Amino acid sequence: MTSPPPFYICGPTASGKSALALEMAEKLDGEIVNADAFQLYRGLEIVSAAPSAEELATLPHHLYGVLDPGEPADAQLYVRLAKPVIAEIQSRGKTPIVTGGSGLYLKFLTHGAAPLPTADAALRAEMAARSLEDLVIELESLDPVEASRTALQNRRFVSRALEICLLSGQKASDLRDGWEAQTAAISSQLRGLVIQRGRADLHSRIALRTRAMLDGGALEEVAALADVSSNCEKAIGSREIRALLAGEIDRTTCEDLINAATRQYAKRQESWFRREKWLEIKVVQDCSPFLKSGRAD
RNA sequence: GGCCCGAUAGCUCAGUCGGUAGAGCAGUGGAUUGAAAAUUCACGUGUCGGCGGUUCAAAUCCGUCUCGGGCCA
């Protein structure tokens with residue numbers, strides 16, 4: 001008997017992924033696996049809009065709240081966590097319903113990691129002290145091909161490309177080419193869907209959810225997270241709530257800022273998933289059952 | 001009632017000596033394989049509050065009206 005292939009549910013934040021995941025899990029006799037970079041963390045449930053206690057109790061959910069707020073995370077770690085969980089679910093004959101909005105994490109999971117050297121904290125610290133122009137010059141000399149297709153204004157991308165060259169002693173462009181060549185074949189084997197909603201609808205769902213978060217303990221949650229790693233601090237809402245707690249902004253401003261940041265994030269997610277042609281587009285209308293459920297994720 | 005200040009992009013505002021307007025934010029689209037809720041790129045036509053006047057030419061000067069805000073009664 002072949003094990004059931006995973007089913008992927010993607011979409012922008014607040015589009016209704018969690019609710020749809022529950023539906024699909026029942027239909028496919030599945031269990032839910034998180035694919036959200038921030039719902040991985042414990043103590044960030046409210047701000048990251050993790051599934052509610054009731055939802056978690058409905059059927060098995062995996063990889064929610066498994067990391068300490070202080071722990072770093074990246075796509076590689078995520079895959080290392082997710083692979084065994086998915087295999088274990090399949091071994092019991094159940095379908096893994098992989099649900100989340102972190103495009104890069106999902107991409108690593110579905111298409112595998114390119115054979116590139118892992119991030120090196122010491123090297124990154126060193127590069128962070130150099131000027132961008134300086135990094136660009138070195139990348140251009142070590143790997144002109146990679147330099148020509150890298151957004152040279154983007155310090156992160158330049159640093160990473162250079163990091164690959166320096167750590168591997170090879171050209172980042174060569175290492176990446178090999179991996180990219182296989183991705184098309186992989187895509188044809190995958191199945192999943194991406195939720196699509198009208199902008200106005202999504203924006204109003206975001207506003208509702210932000211309000212609910214702020215009313216539902218987000219301030220206390222963020223306050224309790226003091227002195228955690230910079231990774232966790234990147235969660236939308238964290239910085240804004242800290243400013244509110246410090247008295248730098250008022251509650252309305254805080255809410256507005258969180259809404260704007262969330263809308264921008266949702267747009268980036270849509271941009272990412274639009275490129276994943278293997279995902280079936282699921283158009284959801286305003287008065288869907290997900291909206292009635294009162295949950296916006 | 002009198003006087004003063006303001007009215008310019010969805011919002012907050014800039015606009016020199018008159019030469020038909022531009023920043024930030026918001027918004028939209030894109031990139032994106034080990035920081036990704038991150039990072040980054042591109043995109044700016046709007047009755048310059050209304051009406052009249054002066055002028056070759058008015059967001060800009062003058063008059064008047066409307067709406068805010070303030071001060072004096």
Side-chain angles (χ1 to χ4, degrees), chain A residues 10-15 17 34-41 44 46-50 71-81 100-121 123-125 127-128 132 135-136 146 149-161 163-164 167-168 172-173 175-183 186 199-200 202-203 206-207 209-210 213 218 222 229-241 252-253 256-276 297:
Chain A
C10 315
T13 188
S15 61
K17 293 187 293 294
N34 173 40
D36 182 293
F38 285 75
Q39 291 175 8
L40 244 28
Y41 287 101
L44 207 62
I46 298 169
V47 165
S48 70
E71 288 181 75
D74 59 35
Q76 186 182 38
L77 171 70
Y78 171 69
V79 172
R80 218 161 40 220
L81 293 172
S102 297
L104 183 68
Y105 284 20
L106 278 158
K107 186 78 177 187
F108 264 71
L109 183 60
T110 54
H111 292 75
L116 304 175
T118 298
D120 183 297
L123 180 55
R124 287 187 178 188
M127 288 191 292
L132 174 59
L135 298 175
V136 168
E146 187 67 7
R149 57 192 192 192
T150 298
L152 298 177
Q153 313 90 323
N154 192 327
R155 175 176 268 277
R156 290 244 176 128
F157 289 3
V158 171
S159 302
R160 175 57 184 157
E163 178 182 56
I164 292 167
L167 292 177
S168 69
S173 51
L175 297 172
R176 278 179 170 157
D177 283 344
W179 168 78
E180 269 165 28
Q182 336 166 347
T183 57
I186 294 172
R199 270 296 155 78
L202 191 61
H203 287 184
I206 286 171
R209 193 181 66 183
T210 301
M213 267 180 199
V222 169
S229 81
S230 59
N231 196 38
C232 235
E233 283 299 293
K234 288 183 310 203
I236 291 173
S238 170
R239 200 185 54 212
E240 295 83 355
I241 289 172
T252 307
T253 305
D256 290 347
L257 289 173
I258 293 174
N259 281 331
T262 308
R263 276 184 245 123
Q264 290 166 346
Y265 172 49
K267 197 158 69 65
R268 274 178 266 132
Q269 288 176 299
E270 288 183 334
S271 204
W272 180 289
F273 292 124
R274 230 173 263 149
R275 301 203 311 165
E276 298 297 320
D297 195 278

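Order of the sequence lines sets the chain letters (A, B, ...), proteins ahead of strands, with each chain counted from 1. Since the structure is predicted, the reported quantities are computational estimates derived from the model, not experimental observations.
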- N or O in side chain of A:R124 less than 4.0 angstrom from B:rU39 OP1/OP2: no
- Using atom CG of A:N259 as one end and atom P of B:rA26 as the other, report the distance to the nearest whole Å. 12 Å
- Query: A:F273 versus A:L106: any side-chain heavy-atom pair under 4.5 Å?
  - Reply: yes
- Considering only the P atoms, how many Å lie between B:rG50 and B:rG10, rounded to the nearest integer? 14 Å
- Message: Measuring to OP1 and OP2 of B:rA37, would you say a side-chain N or O of A:R268 lies under 4.0 angstrom away?
- Response: no
- Task: Identify whether any heavy atom of A:A119 sits under 4.0 Å from a base atom; if not, whether one sits that close to sugar-phosphate; answer base, sugar-phosphate or nothing.
- Result: sugar-phosphate
- Item | Same-atom distance (C1') from B:rA58 to B:rC67, integer angstrom | 23 Å
- Inter-nucleotide P distance (B:rU28, B:rG70), Å rounded: 36 Å
- Run through A:N259, A:T262, A:T13 and flag the one making a side-chain hydrogen bond (donor to acceptor under 3.5 Å, both in side chains) with A:R209. A:T13
- Message: Whole angstroms only, please: what is the OH-P distance between A:Y265 and B:rG27?
- Response: 16 Å
- Message: Within 90° of 0 counts as syn, otherwise anti: where does B:rG34 fall?
- Response: syn
- Give a yes or no on whether the backbone of A:E71 and the side-chain of A:Y41 come within a donor-acceptor separation of less than 3.5 Å. yes
- Task: Assign A:V47 to base, sugar-phosphate, or nothing according to its heavy-atom contacts below 4.0 angstrom with the strands shown.
- Result: base
- Message: The side chain of A:F38 is closest to which nucleotide in this list: B:rU28, B:rA36, B:rG34?
- Response: B:rA36
- Message: With the threshold set at under 4.0 Å for non-hydrogen atoms, list the residues of residues 105-112 of chain A touching RNA chain B in residue-number order.
- Response: A:Y105, A:K107, A:F108, A:H111, A:G112
- Task: Spell out, as yes or no, whether a donor-acceptor pair under 3.5 Å connects the side chain of A:E240 to the backbone of A:G237.
- Result: yes
- side chain to side chain donor-acceptor pair (under 3.5 Å) filter on A:D120, not counting sequence neighbours, yields none
- Distance-only donor-acceptor test (3.5 Å): side chain A:D36, base B:rA37: yes
- Message: Requiring both pairing distances under 3.5 angstrom, list the stems that contain RNA chain B and are made of three or more consecutive Watson-Crick or G-U pairs.
- Response: B:1-7 with B:66-72, B:10-13 with B:22-25, B:27-31 with B:39-43, B:49-53 with B:61-65
- Message: Whole angstroms only, please: what is the CG-C1' distance between A:L123 and B:rA35?
- Response: 14 Å
- Task: Can you tell me which residue pairs pass the side chain to side chain donor-acceptor pair (under 3.5 Å) test with a partner in residues 109-118 of chain A, sequence neighbours excluded?
- Result: A:Q76-A:T118, A:H111-A:S187
- Message: Under 4.0 Å, counting only non-hydrogen atoms across every strand here, what does A:A73 touch: a base, just sugar-phosphate, or nothing?
- Response: sugar-phosphate
- Message: Starting the side chain at C-beta, find the nucleotide from B:rA37, B:rG34, B:rU28 nearest to A:K267.
- Response: B:rU28
- Query: Ignoring hydrogens and geometry, is there a side-chain-to-backbone donor-acceptor pair from A:S102 to A:A37 under 3.5 Å?
  - Reply: yes
- Query: Within the structure shown, what part of the strands sits under 4.0 Å from A:N154 by heavy-atom distance: base, sugar-phosphate, or nothing?
  - Reply: base
- A:R176 CZ to B:rA31 P: how many Å, rounded? 16 Å
- Message: Rounded to whole Å, how long is the line connecting atom CG of A:L135 with atom P of B:rU40?
- Response: 14 Å
- Item | Integer angstrom distance from the C1' of B:rC71 to that of B:rU16 | 31 Å
- Task: Indicate whether OP1 or OP2 belonging to B:rA36 is found under 4.0 Å from a side-chain N or O atom of A:S102.
- Result: no
- When the nearest nucleotide of RNA chain B is assigned to A:I164 and to A:Q264 on a heavy-atom basis, which residue is associated with the more 5' position? A:Q264
- Message: Tell me whether A:R124 contacts the main-chain N or O of A:R160 through its side chain, where contact means a donor paired with an acceptor under 3.5 Å.
- Response: no
- Message: For a quick check of understanding: with a heavy-atom distance under 4.0 Å over all strands, which category does A:A37 fall into, base, sugar-phosphate or nothing?
- Response: sugar-phosphate
- Expressed in whole Å, how much space separates the P atoms belonging to B:rA9 and B:rG46? 11 Å
- Looking only at side-chain atoms of A:A260, point me to the closest of B:rA37, B:rG34, B:rA26. B:rA26
- Task: Answer yes or no: is there a donor N or O on one side and an acceptor on the other, between the side chain of A:K17 and the main chain of A:P12, under 3.5 Å?
- Result: yes
- Item | Atom-to-atom span, CZ of A:R199 to P of B:rG29 - whole angstrom | 4 Å
- Message: Within the 4.0 Å heavy-atom criterion, would you say A:R263 contacts the bases, only the backbone, or no part of the nucleic acid?
- Response: sugar-phosphate
- Message: Considering only residues two or more places apart or on different chains, which pairs with a residue in residues 100-111 of chain A satisfy salt bridge (charged side-chain N to carboxylate O under 4.0 Å, His left out)?
- Response: A:K107-A:E276
- Query: So which nucleotide from B:rA37, B:rG34, B:rC41 ends up closest to the side chain of A:D74?
  - Reply: B:rG34
- Message: So does A:I164 get a backbone contact from the side chain of A:S168, meaning a donor-acceptor N/O pair under 3.5 Å?
- Response: yes
- Message: Return whichever of A:R156 or A:H203 has its heavy-atom-nearest nucleotide of RNA chain B closer to the 5' end.
- Response: A:H203
- Message: Tell me whether A:E146 contacts the main-chain N or O of A:A161 through its side chain, where contact means a donor paired with an acceptor under 3.5 Å.
- Response: no
- Expressed as a whole number of Å, how far does the P atom of B:rU55 sit from that of B:rG18? 16 Å
- Candidates B:rA36, B:rG27, B:rG34 - which lies nearest the side chain of A:W272: B:rA36
- Query: Can you name the residues that form a side-chain contact (heavy atoms from CB on, under 4.5 Å) with A:L135, not counting sequence neighbours?
  - Reply: A:M127, A:R130, A:R155, A:V158, A:S159, A:L162
- Nearest-Å distance, CD (A:E180) to P (B:rG34)? 11 Å
- Please state the P separation for the pair B:rC25 and B:rU39 - nearest whole angstrom. 14 Å
- A:N231 side-chain N/O to B:rA36 phosphate OP1/OP2 under 4.0 Å: yes
- Item | Nearest-angstrom distance, C1' atom, B:rC43 to B:rU64 | 41 Å
- Separation of B:rU40 atom P from A:R155 atom CZ, nearest Å, is 10 Å
